[in-house]
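For this chain, numbers begin at 1 and follow the sequence in order. Remember, it's 1-based here, ligands and their atoms both numbered in the order they're listed.
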Amino acid sequence: MDFDYFYSKQKSYFGDAPSDGLVAMLKEHDVNVGKALDIGAGEGRNSIYLASLGFDVTSIEPTKDGANKIIEKSNKLDLNINVLNCDYLSENLNEKYDFIIAGTSLDHMEKQYLDNAVDKLKDSLNVGGLIYIVVFTKNDPGYLKQLDKASECSNFINHYFEENELKEYFKDFDILYYNEYIKPDNTHGKPHVHGKAKLIARKI
Ligand SMILES: C[S@@+](CC[C@H](N)C(=O)[O-])C[C@H]1O[C@@H](n2cnc3c(N)ncnc32)[C@H](O)[C@@H]1O
């Protein structure tokens with residue numbers, strides 16, 4: 001079972017609204033409304049929001065159902081999104097972006113590939129550009145095997161981040177915000193809890 005299973009079952013598994021954190025960060029931080037990359041875009045809630053704000057969006061999503069939904073939704077809304085139905089790890093991007101979002105997708109990559117994924121992400125960002133990254137941490141019930149509190153997708157996670165690990169990856173960036181927290185989630189499946197780390201940083 002993978003995300004295709006959940007994406008095919010429901011119209012919008014993660015809902016249509018963009019993530020609260022993305023909306024808040026775009027209000028609080030100075031972001032050039034230019035080219036944006038959404039890594040692990042899912043069914044496109046954040047890509048669509050960014051495109052509606054005027055960003056020129058590229059969405060990378062390896063599941064067929066997720067990628068197709070982004071195409072369908074963006075066509076319906078008359079938004080132009082470049083959807084790449086592929087794995088971020090094997091895709092060579094020649095473009096540079098002003099904003100890169102990875103909303104709980106880097107944690108789906110195995111640790112052995114993470115250094116390359118992060119290097120690639122950094123290379124793809126223009127100087128002055130911003131990143132918004134959220135990952136699952138070892139405080140997540142999925143890692144702690146507290147299955148009554150864990151998300152039904154928690155077994156898709158390949159790497160739960162250590163304390164400060166995400167921040168360390170970007171120590172050469174200007175870190176504007178970093179937090180590790182536990183948060184209830186009622187957006188999909190049964191009510192559950194997540195342990196996450198969130199990073200907002202600027203390339204210098
Ligand atoms: C928890 S979902 C989040 C989806 C979306 N970011 C959101 O917030 O609605 C994680 C997504 O990452 C995608 N993903 C997993 N591994 C990936 C990889 N190697 N490259 C790109 N995307 C990946 C999955 O297919 C899934 O859609």
Contacting atoms of ligand 1, where contact means under 4.0 angstrom from a heavy atom of M109: 18 (C), 19 (N), 20 (N)

N85 side chain vs P62 backbone, donor-acceptor pair below 3.5 Å: yes

Numbering as shown, the atoms of ligand 1 that approach N46 to under 4.0 Å (heavy-atom distance): 8 (O)

Shortest protein heavy-atom distance from atom 15 (C) of ligand 1, along with the residue and atom involved: H108 CB, 3.4 Å

Centroid-centroid under 6.0 Å between F156 and F3 rings: yes

For atom 17 (C) of ligand 1, the option (of A41, G44, P62, G103) bearing the nearest heavy atom: P62

N or O contact, E61 vs ligand 1, cut-off under 3.5 Å: yes

Among V134, L50, L37, I39, side chain to side chain contact (heavy atoms under 4.5 Å, CB included) partner for I101: L50

Ligand 1 contact by G66, heavy-atom criterion under 4.0 angstrom: no

Best match, L89, L106, D107, D87: closest heavy atom to atom 18 (C) of ligand 1: D87

Nitrogen or oxygen atoms of G40 and ligand 1 under 3.5 Å apart: yes

Interfacing atoms of ligand 1 (cut-off 4.0 Å, heavy-atom, R45): 7 (C), 8 (O), 9 (O)

Any donor-acceptor N/O pair, N179 side chain to L199 backbone, under 3.5 Å: no

Backbone of F161 reached by a side-chain donor or acceptor of K111 within 3.5 Å: no

Residues K203 and N126: side-chain donor-acceptor under 3.5 angstrom: no

Ligand 1 atoms in contact with S105 (distance to a heavy atom under 4.0 Å): 12 (O)

Exam field: side chain K11 to backbone D16, donor-acceptor pair closer than 3.5 Å: no

Residue T63 vicinity, atoms of ligand 1 by number, heavy atom under 4.0 Å: 25 (O)

Check: K149 side chain, H194 main-chain N or O, donor-acceptor pair, under 3.5 Å: no

Contact with ligand 1 for S19, non-hydrogen, under 4.0 angstrom: no

Shortest reach to atom 20 (N) of ligand 1 by a heavy atom, considering only Y88, Y13, Y113, F6: Y88

Closest protein heavy atom to atom 10 (C) of ligand 1, given as residue, atom name and distance to 0.1 Å: T104 O, 3.2 Å

Y169-D115 side chain donor-acceptor pair, cut-off 3.5 Å: yes

Ligand 1 N/O within reach of Y7 N/O, cut-off under 3.5 Å: yes

Co-membership, hydrophobic cluster, residues Y49 and V83, 4.5 Å side-chain: yes

